[in-house]
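One structure is given here, and the rest of the page talks about it.
Letters go in sequence order (proteins before strands), and every chain restarts at 1.
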Protein chains: 2
Amino acid sequence: MSEERIATNLRKGVLEYCVLALLSHGEKYGLELAGDLTARELIASEGSLYPLLARMRENGLVEPRWDTSGTGRPRRYYAITQHGSEQLATFTRVWVSLGAQVDALLEGSR
Amino acid sequence: MSEERIATNLRKGVLEYCVLALLSHGEKYGLELAGDLTARELIASEGSLYPLLARMRENGLVEPRWDTSGTGRPRRYYAITQHGSEQLATFTRVWVSLGAQVDALLEGSR
DNA sequence: ATTGCAAGTCTTGCTATACAAGGTTAGGCT
DNA sequence: AGCCTAACCTTGTATAGCAAGACTTGCAAT
């Protein structure tokens with residue numbers, strides 16, 4: 001199994017909350033998010049992001065807004081909702097707990 | 001999204017290497033592994049484990065051995081292979097790296 | 001004007017994983 | 001013989017990330 005495939009599987013279920021964490025600082029538009037996530041090696045392409053944003057919109061985690069005022073093409077800015085903030089807090093708990101279990105196992109295997 | 005569904009997604013791609021880490025201490029049989037993983041809340045049922053063990057067998061990460069000597073029904077013991085050890089090391093690198101990125105994002109969102 | 005390019009959003013088809021539920025086999029105990 | 005449990009495995013489902021590319025719109029150069 002290549003490093004890339006390992007990373008792909010690890011990203012499952014994490015990406016959604018990384019988006020929420022990024023948005024907790026203020027709204028961002030699609031490609032801007034993609035850039036941030038790519039820099040952190042949290043996505044491999046935009047093909048993950050846009051379907052994810054659509055799901056998050058449907059689930060009320062983010063609220064989009066078209067911005068046509070600026071220069072260039074219209075951008076769709078996303079803001080985190082109250083519900084999104086709550087889910088981020090829940091995720092953080094689960095992440096910390098599960099991460100500790102995995103860390104313990106990996107420690108023990110060395 | 002419930003805590004359980006969050007955890008389910010987080011487990012994807014992690015479970016395989018938790019099994020390898022457990023086996024790095026010595027061979028174990030199926031239900032024994034299931035017990036260890038359940039205690040750590042790393043699986044929700046055996047329905048994840050047996051298909052995973054079959055895949056790992058096919059990929060040469062583990063080497064099974066039937067043991068009919070003891071009392072009770074025959075058990076299938078799994079041992080980690082050389083290739084499995086290498087994959088575990090690779091996973092550890094990816095896990096640490098990706099985990100640090102996620103931790104940084106979650107830290108920043110508080 | 002027209003052509004070309006780049007930014008930006010979104011879609012399609014694919015693969016892989018965890019899970020729930022249940023089926024199967026074999027030994028031990030009464 | 002009959003039941004219970006340990007232990008193993010199978011089937012069907014839902015979902016997530018990804019690669020590749022389609023579509024649209026503004027801008028810049030020719």
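- Between B:Ser45 and C:dC19, a side-chain N or O to OP1/OP2 separation shorter than 4.0 Å is absent.
- Nucleic acid contact class of A:Glu46 (heavy atoms, under 4.0 Å, all strands): base.
- For A:Pro74, whose side chain is taken as the heavy atoms from C-beta onward, the closest listed nucleotide among D:dG17, D:dT25, C:dA16 is D:dT25.
- Picking from C:dA20, C:dG8, D:dC8 the nucleotide with the shortest atom distance to the side chain of B:Arg76 gives D:dC8.
- The side chain of A:Lys12 approaches D:dG17 more closely than any other nucleotide in the set C:dA20, C:dA18, D:dG17.
- The residue A:Tyr78 sits close only to the backbone: its heavy atoms come under 4.0 Å of sugar-phosphate atoms, none of a base.
- Within a 6.0 Å sphere centred on CD of A:Glu3, other residues, nucleotides and ligands contribute more than 12 heavy atoms.
- Contacts of A:Gly30 with the nucleic acid, taken as non-hydrogen atoms under 4.0 Å apart, involve only primed sugar atoms and P, OP1 or OP2.
- Between A:Glu4 and B:Arg75, the residue anchored nearer the 5' end of DNA chain D, judged by the nucleotide with its closest heavy atom, is B:Arg75.
- Side-chain atoms of A:Leu98 and B:Leu42, non-hydrogen and from C-beta on, do get closer than 4.5 Å to each other.
- A:Tyr29 and A:Tyr77 have perpendicular rings, their planes meeting at more than 60° on a 0 to 90° scale where under 30° would count as parallel.
- Within the structure, a side-chain polar atom (N or O) of B:Ser48 is placed less than 4.0 Å from OP1 or OP2 of C:dC19.
- Side-chain atoms of B:Arg73 and base atoms of D:dA7 include a donor and an acceptor less than 3.5 Å apart.
- Remark: B:Tyr29 is in phosphate contact with D:dA7, judged by side-chain N or O atoms under 4.0 Å from OP1 or OP2.
- Listed pair A:Arg11 / D:dA16 fails the phosphate criterion, with no side-chain N or O lying under 4.0 Å from OP1 or OP2.
- Listed candidates were C:dC19, D:dG17, C:dT9. Nearest to the side chain of A:Tyr50 is C:dT9.
- When heavy atoms are screened at a 4.0 angstrom cut-off, A:Leu53 is found touching no nucleic acid atom at all.
- In this structure, the side chains of A:Trp66 and A:Arg76 come closer than 4.5 Å at one or more pairs of heavy atoms.
- When the nucleotides C:dA7, D:dA7, D:dC9 are ranked by their closest atom to the side chain of A:Leu31, C:dA7 comes out on top.
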